[in-house]
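From a predicted model like this one, the values you see are computed outputs, not experimental measurements.
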Amino acid sequence: MTAVLASWRARAARALGIREEELAPAACGFAFFFFLFCGYFMLRPIRETMGIQAGVNQLQWLFTATFLATLAVVPLFGWISARVARTTLVTWVYAIFALTMVGFAILLYLQPGSVWTARTFYVWLSVFNLFVVSIAWSLMADVFHMESAKRLFALIAAGASAGGLCGPLLGALLASILQPAGLLLLSALLLTATLPLKQWLLRWRAASRPEIGLDDMQRPIEGTILAGLSRIFQSRYLLGISLLVVLLATLNTFLYMEQARLVADAFPDTAQRIRVFSALDFTVQTLALLSQIFITGRVAARLGVRFLLTAVPLAVAIAFLALAAYPVFGVLAAAMILRRAGEYALIRPGREMLFTAVSPEDKYKTKNVIDTVVYRGGDAASGWVKAGVDMLGYGASLIALLGAAIALGAAAIGFGLGKKADRRNADTD
């Protein structure tokens with residue numbers, strides 16, 4: 001039996017392109033992100049529907065409100081991280097978000113048709129998604145070093161894609177039974193299910209790196225509450241990551257708002273819109289999952305982080321040019337799928353690898369600011385840019401041309417950051 005199990009482990013490791021001793025932490029990280037994203041994607045179609053319910057022409061206001069809400073939450077995170085050890089930081093943050101989920105479940109149950117309830121839920125879920133995912137990747141950057149991250153981060157991210165596949169399906173199956181309030185409570189349970197997995201990863205880190213153990217994680221993170229903001233401007237490396245995030249957020253906002261407009265025009269029925277959004281999510285997660293399991297890790301090991309951060313923006317630039325020539329829903333849907341699937345399969349693992357070689361303060365505080373404030377700031381600003389360009393009356397073509405130029409800029413910055421990260425990794429080998 002032992003020989004059979006050993007043979008199975010060896011075959012699985014070869015198929016995945018990792019080492020045998022990395023199978024268990026990879027599976028644990030996969031499960032962590034599966035629970036996280038399954039819960040989120042059960043709620044995402046509800047958020048998109050509520051965004052349209054609040055008015056397509058009001059989306060830029062929702063982006064701005066999300067940015068302001070993110071600004072309000074960042075000092076709270078800084079206050080907690082300065083007082084709580086890194087080993088328990090994820091537990092504290094996730095517990096707070098789980099409690100707010102329960103509060104929103106009550107609110108949605110009592111006021112299911114309220115426009116202000118819809119707007120508030122839209123903003124809250126947007127803030128929730130960025131914070132919990134950012135802190136999850138901070139934990140992974142703390143557990144794994146760059147060499148293993150190149151092999152494992154794509155597989156760990158595959159858990160997010162698998163959760164993104166199961167979440168919409170569960171939501172569709174249970175929506176009529178549980179209603180939005182019940183789905184929120186189920187999502188809260190899935191969020192808390194990640195905490196035992198976090199403990200296992202910390203124990204594995206201590207065992208696999210005995211020279212460090214967990215001693216460095218037993219203390220709170222140094223620095224002031226808003227240290228993450230100031231740290232960005234003290235490092236060209238972190239400033240480059242921030243600029244890359246802003247450009248990628250701008251691309252996403254352009255596509256997202258154009259998608260909302262075309263869906264609202266093409267599908268007047270609410271149920272149809274939910275099905276369209278669910279179908280897009282399912283397609284994106286399927287493509288991302290297959291790439292993460294069989295392609296990304298091998299590509300990262302051979303071609304480096306620079307490829308992960310460059311290939312997708314270049315492809316998106318081409319997609320935007322196609323959208324400029326043919327501004328119809330089918331072309332936009334293909335561009336949206338390409339951008340989001342590429343984000344999950346290549347860009348996100350590559351971007352998280354950039355943080356494996358920085359200080360603990362930058363892994364948590366600065367990274368959190370970049371993933372939330374900088375990202376949502378880019379969202380809010382680009383939302384108003386999109387609204388302003390729409391007022392010029394040129395339709396989707398002008399936005400598409402502007403998006404292509406931004407995508408080329410993102411590709412150039414991604415190549416530079418990836419090259420620097422690959423050089424750092426080579427120097428430490």
Side-chain angles (χ1 to χ4, degrees), residues 15-18 22 26-27 29-34 36-38 40-41 44 129-130 133-134 136-137 140-141 144 146 148-168 241 244-245 247-249 251-252 255-256 259 278-320 333-356 371 375 407 410-411 413-415 417-418 421-422:
L16 296 173
I18 63 177
E22 294 173 334
F30 180 98
F32 188 104
F33 276 88
F34 175 84
L36 199 63
F37 274 71
C38 185
Y40 167 67
F41 271 89
R44 182 184 168 97
N129 175 43
L130 287 187
V133 174
S134 175
W137 279 115
M140 300 305 157
F144 302 99
M146 174 64 89
S148 58
K150 283 187 175 182
R151 292 188 296 271
L152 300 182
F153 272 21
L155 291 173
I156 291 173
S161 297
L165 282 172
C166 292
I241 296 175
L244 177 64
V245 166
L247 294 180
L248 293 173
L251 296 176
N252 183 55
L255 289 171
Y256 180 86
Q259 171 189 266
S278 296
L280 289 174
D281 284 343
F282 185 84
T283 303
V284 166
Q285 300 304 328
T286 300
L287 293 174
L289 179 61
L290 294 174
S291 298
Q292 289 160 340
I293 293 176
F294 299 109
I295 299 174
T296 307
R298 292 177 171 85
V299 168
R302 293 184 180 182
L303 302 179
V305 181
R306 73 188 79 178
F307 179 85
L308 301 183
L309 298 179
T310 306
V312 174
L314 289 176
V316 170
I318 296 173
F320 266 114
M336 195 72 172
I337 290 170
L338 173 64
R339 195 218 64 81
R340 287 179 54 202
E343 169 81 16
Y344 297 141
L346 298 179
I347 294 178
R348 192 64 193 245
R351 183 155 65 86
E352 301 308 335
M353 292 174 195
L354 298 177
F355 288 97
T356 57
D371 287 347
Y375 183 88
I413 294 172
F415 181 84
L417 288 169
D422 289 332

- Task: Show your working on side-chain contact (heavy atoms from CB on, under 4.5 Å) between Phe34 and Cys166 and close with a plain yes or no.
- Result: CA-CA 9 Å; Phe34 175 84; Cys166 292; 3.7 Å; yes
- Message: Does Asn252 form a side-chain contact (heavy atoms from CB on, under 4.5 Å) with Met336? I'd like the steps, not just the answer.
- Response: CA-CA 8 Å; Asn252 183 55; Met336 195 72 172; 4.1 Å; yes
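Val305 is listed as a side-chain neighbour of Lys150, based on a closest heavy-atom distance under 4.5 Å. Considering only heavy atoms from C-beta on, Ile318 stays 4.5 Å or farther from Leu338 through its side chain. Residues Ile156 and Pro349 are not in side-chain contact: their nearest non-hydrogen atoms beyond the backbone lie 4.5 Å or more apart. Within the 4.5 Å cutoff, side-chain heavy atoms of Arg151 are placed close to those of Glu22. Annotation: side chain of Val245 is in contact with side chain of Arg351 (closest heavy-atom distance under 4.5 Å). Using a 4.5 Å heavy-atom cutoff, the side chains of Leu130 and Asp371 are not in contact.
Although no hydrogens or angles enter the test, the distance criterion places a donor-acceptor pair under 3.5 Å between the side chain of Gln292 and the main chain of Tyr344. The backbone N or O of Ala141 sits nowhere less than 3.5 Å from a side-chain atom of Thr356 that would complete a donor-acceptor pair. Between the side chain of Ser291 and the backbone N or O of Leu287 there is at least one donor-acceptor pair closer than 3.5 Å. Without hydrogens or angle criteria, Asp422 side chain to Gly304 main chain gives no donor-acceptor distance under 3.5 Å.
Classified by interplanar angle (parallel below 30°, tilted 30° to 60°, perpendicular above 60°), the ring pair Phe37/Tyr40 is perpendicular.
Aromatic ring centres of Trp137 and Phe33 lie closer together than 6.0 Å.
Atom OG of Ser161 sits about 11.5 Å away from atom CZ of Arg348, to the nearest 0.5 Å. Note that CZ of Arg298 is 9.5 Å distant from CD1 of Ile18, once rounded to the nearest 0.5 Å.
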